[in-house]
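One structure below.
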Amino acid sequence: MSTQPPLPSDRLRIGDCVVDVPLREVHAPDARRPRRITPKSMGVLLALVDARGRVVSRDALLAAVWPSTLPTNDVVTQAVTQLRKAFEPARAAGGQPYIETIAKSGYRLLAAVEWLPAAAVEEERSNPSAPVGDAELATGSAAPPASVPSKPVPTPRRPVMSPAGPGIGGGRSDWEAIVIGVATTLLLAIVLMWWDQPAPAARPAVERPVSAAAPLAIEARWITSSPGFELSPSLNPDGSMVAYIAVPDGQRNVAIMVQTTTPTAPRQLTRPTGGADDIAPAWSPDGRTIAFLRVVPERGCQVVLVPASGGSERVVADCDERHVPSFDWTPDGRGLVFGGHGVAHDQPGLFVLDLDTGEERALEYDASPYHHDFSPRYSPDGRWIVFVRNTPVGDFWRIPATGGPAERLTRLNAQILGWDWSPSGRALLYSGHDESGSQLYRLDLDTGLRTGLGIVDAEEPDVAAHAPAIAFVHRATRFGLYRFDLDAPGAPGERLFASSGRDRLAALAPDGRQLAFASDRSGRYRLWWSDLERPGTGPVLMEGVEPGARHLPSWSADGRRLLLVGRGTTAGDARPGVFEISPASGRVSRLPLPVDDPVQALYAPGAGSGERVLLVAADRQGRMALHSFTRVDGRWIAGPALPLVSHVQADPPRDRILFTRPGEPGLWQVGLDLDPASVVRLDEAFPSVGQYRSWTVAPDGGVLGIERRVQCAAQLEYRGPAEADDWSRCLDLGRRAATYGFSLDARNNRIYVTLVEHDVGDIGFASYEVPPETLWPGVTK
């Protein structure tokens, strides 16, 4: 049995970049922080380094990096794509690509390679002109911000096993790994305790610019692992218990479960019956009561209190099941603050419900029907209420707890999937969703410094009020594209494009044969194109753009071009924007449209050769609106705009635009000139708030939408014009459809839908309870 030869060093220089092999980091000279790559990508890189400029075939890479497995060629493509992304800043500076693709042969490394001896490595780490190191990245700059006192906190460094394979080996000894692992855990505890010092007495600045820090890696563990999902965690004040929602074994309704924050058997707290689901548990400030919502689809919603130890329930208010509210306890535990509509309160904005009297009191601040304010939470000292304003491009705002002008805290323009205060009140912990998925962040309100917590696919963070403990949902969802024949009711959907990646955002061209979609099959989400009438040919990668996660691409009427909201993939062009893609040529161009944050773009009906574009976008206040732009002599001229629009679909035969509104159920229409006088509400409840993108226009002017029902996870609903009858059809009993839309093939009466193939939500937990002064002299809380 052969052993792997040790690597010459822990670091090597490749072109202008320095690669830290144990940490799997690529330090590029113009990058703000190092790029972390996967173990398999590091294995591919070391194989290319070992080849000394020679071509390495795909088969050789598969044998070296994926031994004793049967992977597809996609894994090599994904690894090389990630490496190119890591080296991209250096290429932008010099223009020389680092990795060359040799058609039908393999890959070779073009840049010069030099293994750095130990002395040179230490010099690199201590030389200020060397690539940015971990200690510098901990604050995002070479020196700490002026408003934050410097603290002697070492930066944790985690051991990483080197990839295995012929000719690729090395790595640290077991003893070194144990020592470094223990040190990492202790130092991480210090860092996290330092995070949560009491907030200064001075009033924190409002809307500081957000800057990124190097991510940390919290040692989290899963405390639930049952089949299915566990969601919506809520910690009791001391962090020893967690409430969450799940479907208990042998039951069909969603119930509230309670367990300790260790992997122990849960206790079922509520037992809903009929079609009811119990959701959104929230622990009271004294830890004795849990508030939750009991929702019966299409029938009603109630706000309910139950003792945390179990017992009689008490209904304290009714709510609207069409747009379920979000809420938090008041600091004294005598009331609940609500946002996002939903209770018997029709005015926009936040309001407080008195639990003793049942009286509702609107909070006096500059609320507006042009904003959607939800997810309110009181600060730990009870002085402020922070909430999320607008979606899917939301930001954090605050008002005094007694009411007053709303102040903007951030300019994230992000899809926020849950948040909470740190116990000190000096930071917010939230889940942000981008094109690559969701992860947890800590946002310091004093400095604007945003730190990733190193936990991906994480949502709904909840922080214990009196303990440094975090619970969250680990949501690992897998998607696949399916085609359903509407002329064959009950027939299962046909899976398209078998892959280990996640496919979504299926946009069918008007010709019924071209399909564009987003997929991470190459390592990151990119745009792919396929000709459905050429079986046996795989989808083609469209280079140059990273598609957004909010809306489907839009085809031109002739099927030659696509409009897409996303980001550029070349160095220096990662800004969000609107891109026009020609699949036949692969050409990608950015349209210079003057908007702050684009959300959805489509070609306007009747426009010649794409000379008019409709664009849903958010302004600098986060307000959503539909804009129109016309191209004149190569310049885009702004036309009329319509406020309060979240998603649009064109209906050319009837010269109208159909749209949904932020935070409201139902459907509206407007004329092609976007005249507000032509706005008509077509439906009061369909589609629901959660499915505001999951609908399309039928050929007869009706609307098709996909909703989740009690008896059917993905149910196709049809709402016809006045002379037509409504109908519904179950597409899939167990797999729900993704909420960002689907495509209709009117010629062949088929639809293309993204179905969730694997959806597991487990509750994660992280604690940082070790007092730092016992571990590192001079560092105090």
Side-chain angles (χ1 to χ4, degrees), residues 199 202-208 210 280 282 285 291 303 317 319-320 323-355 357-414 416 418-421 425-428 430 443 445-446 448 596-597 618-625 643-644 646 661-664 689:
R203 179 172 176 266
V206 174
E207 201 186 336
R208 285 187 178 274
V210 175
V303 184
C319 46
D320 188 342
H323 38 178
V324 177
S326 51
F327 66 93
D328 184 32
W329 286 84
T330 58
D332 60 8
R334 300 176 61 182
L336 301 172
V337 60
F338 285 88
H341 309 289
V343 184
H345 190 85
D346 295 329
Q347 300 178 13
L350 311 177
F351 69 95
V352 175
L353 173 69
D354 188 298
L355 296 178
T357 65
E359 178 184 353
E360 298 173 8
R361 174 177 59 86
L363 289 169
E364 296 184 2
Y365 72 106
D366 47 341
S368 165
Y370 291 94
H371 290 300
H372 177 48
D373 298 343
F374 64 101
S375 193
R377 287 184 180 266
Y378 284 90
S379 60
D381 61 10
R383 296 174 54 203
W384 303 99
I385 298 175
V386 166
F387 57 92
V388 178
R389 171 165 282 182
N390 298 327
T391 184
V393 282
D395 269 289
F396 291 107
W397 292 64
R398 75 173 185 183
I399 60 173
T402 55
E407 300 173 300
R408 188 172 188 167
L409 294 177
T410 64
R411 195 171 293 280
L412 297 169
N413 280 356
I416 297 170
W419 75 279
D420 202 356
W421 288 89
R426 70 182 301 163
L428 308 180
Y430 74 95
L443 181 64
L445 294 177
D446 297 334
D596 290 313
D597 195 83
D619 64 12
R620 294 186 64 81
Q621 297 300 313
R623 295 172 297 198
M624 302 281 288
L644 289 174
S646 57
R661 283 184 160 164
E664 289 192 62
V689 173

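Given the structure is predicted, the values throughout are model-derived calculations rather than measurements. Residues take their numbers from the sequence shown, with the count starting at 1.
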For Gly382 and Pro331, work out which heavy atoms get closest and say how close. CA-CG, 4.0 Å
Do side-chain atoms of Asp619 reach the backbone of Arg623 as a donor and acceptor pair under 3.5 angstrom? yes
Ala367 and Pro348: which non-hydrogen atoms are nearest, and at how many Å? CB-O, 3.6 Å
Report the distance from atom CD of Glu664 to atom NE2 of His372, rounding to the nearest 0.5 Å. 9.5 Å
Check for a donor-acceptor pair, side chain of Trp421 on one end and backbone N or O of Ala427 on the other, with a separation under 3.5 Å. no
Measuring from Leu350:CG to Glu364:CD, what's the distance to the nearest 0.5 Å? 13.0 Å
Rounded distance [0.5 Å steps], CG in Leu412 versus CG in Leu443: 6.5 Å
Please walk me through it: do Asp420 and Arg377 pass salt bridge (charged side-chain N to carboxylate O under 4.0 Å, His left out)? CA-CA 7 Å; Asp420 202 356; Arg377 287 184 180 266; 3.4 Å; yes
Tell me if a side-chain donor or acceptor on Tyr365 pairs with a main-chain N or O of Thr402 at a distance below 3.5 Å. no
Mind checking the CG-CZ spacing from Asp597 to Arg411? Nearest 0.5 Å is all I need. 10.5 Å
Check Arg389 with Asp395, please: is the shortest side-chain N to carboxylate O separation under 4.0 Å? no
Got a salt bridge between Arg426 and Asp446, using NZ or NE/NH1/NH2 to carboxylate O under 4.0 Å? yes
Find out whether Leu363 and Ile385 are in side-chain contact, i.e. whether some heavy atom of one side chain is under 4.5 Å from a heavy atom of the other. yes
Are any of the side-chain heavy atoms of Phe338 and Val303 separated by less than 4.5 Å? yes
Short question: side chain of Arg661, backbone of Leu644 - any donor-acceptor pair under 3.5 Å? yes
Do Trp329 and Leu355 have side-chain heavy atoms sitting under 4.5 Å apart? yes
Using modelled atom types and a 3.5 Å cut-off, is there a donor and acceptor pairing between side-chain atoms of Asp373 and backbone atoms of Gly339? no
Validation row: Asp332, Tyr378 side chains within 4.5 angstrom (heavy atoms): no
Asp354 CG to Leu336 CG distance, which is reported to the nearest 0.5 Å: 9.5 Å
Test Phe396 against every option in Phe374, Phe387, Trp419, Trp384 by the ring pair (Phe, Tyr, Trp, His ring centres under 6.0 Å) rule and name the one that passes. Trp419
Are Pro376 and Ser326 close enough that some pair of their side-chain heavy atoms sits under 4.5 Å apart? yes
Nearest 0.5 angstrom please: Thr410 OG1 to Arg398 CZ, how far? 12.0 Å
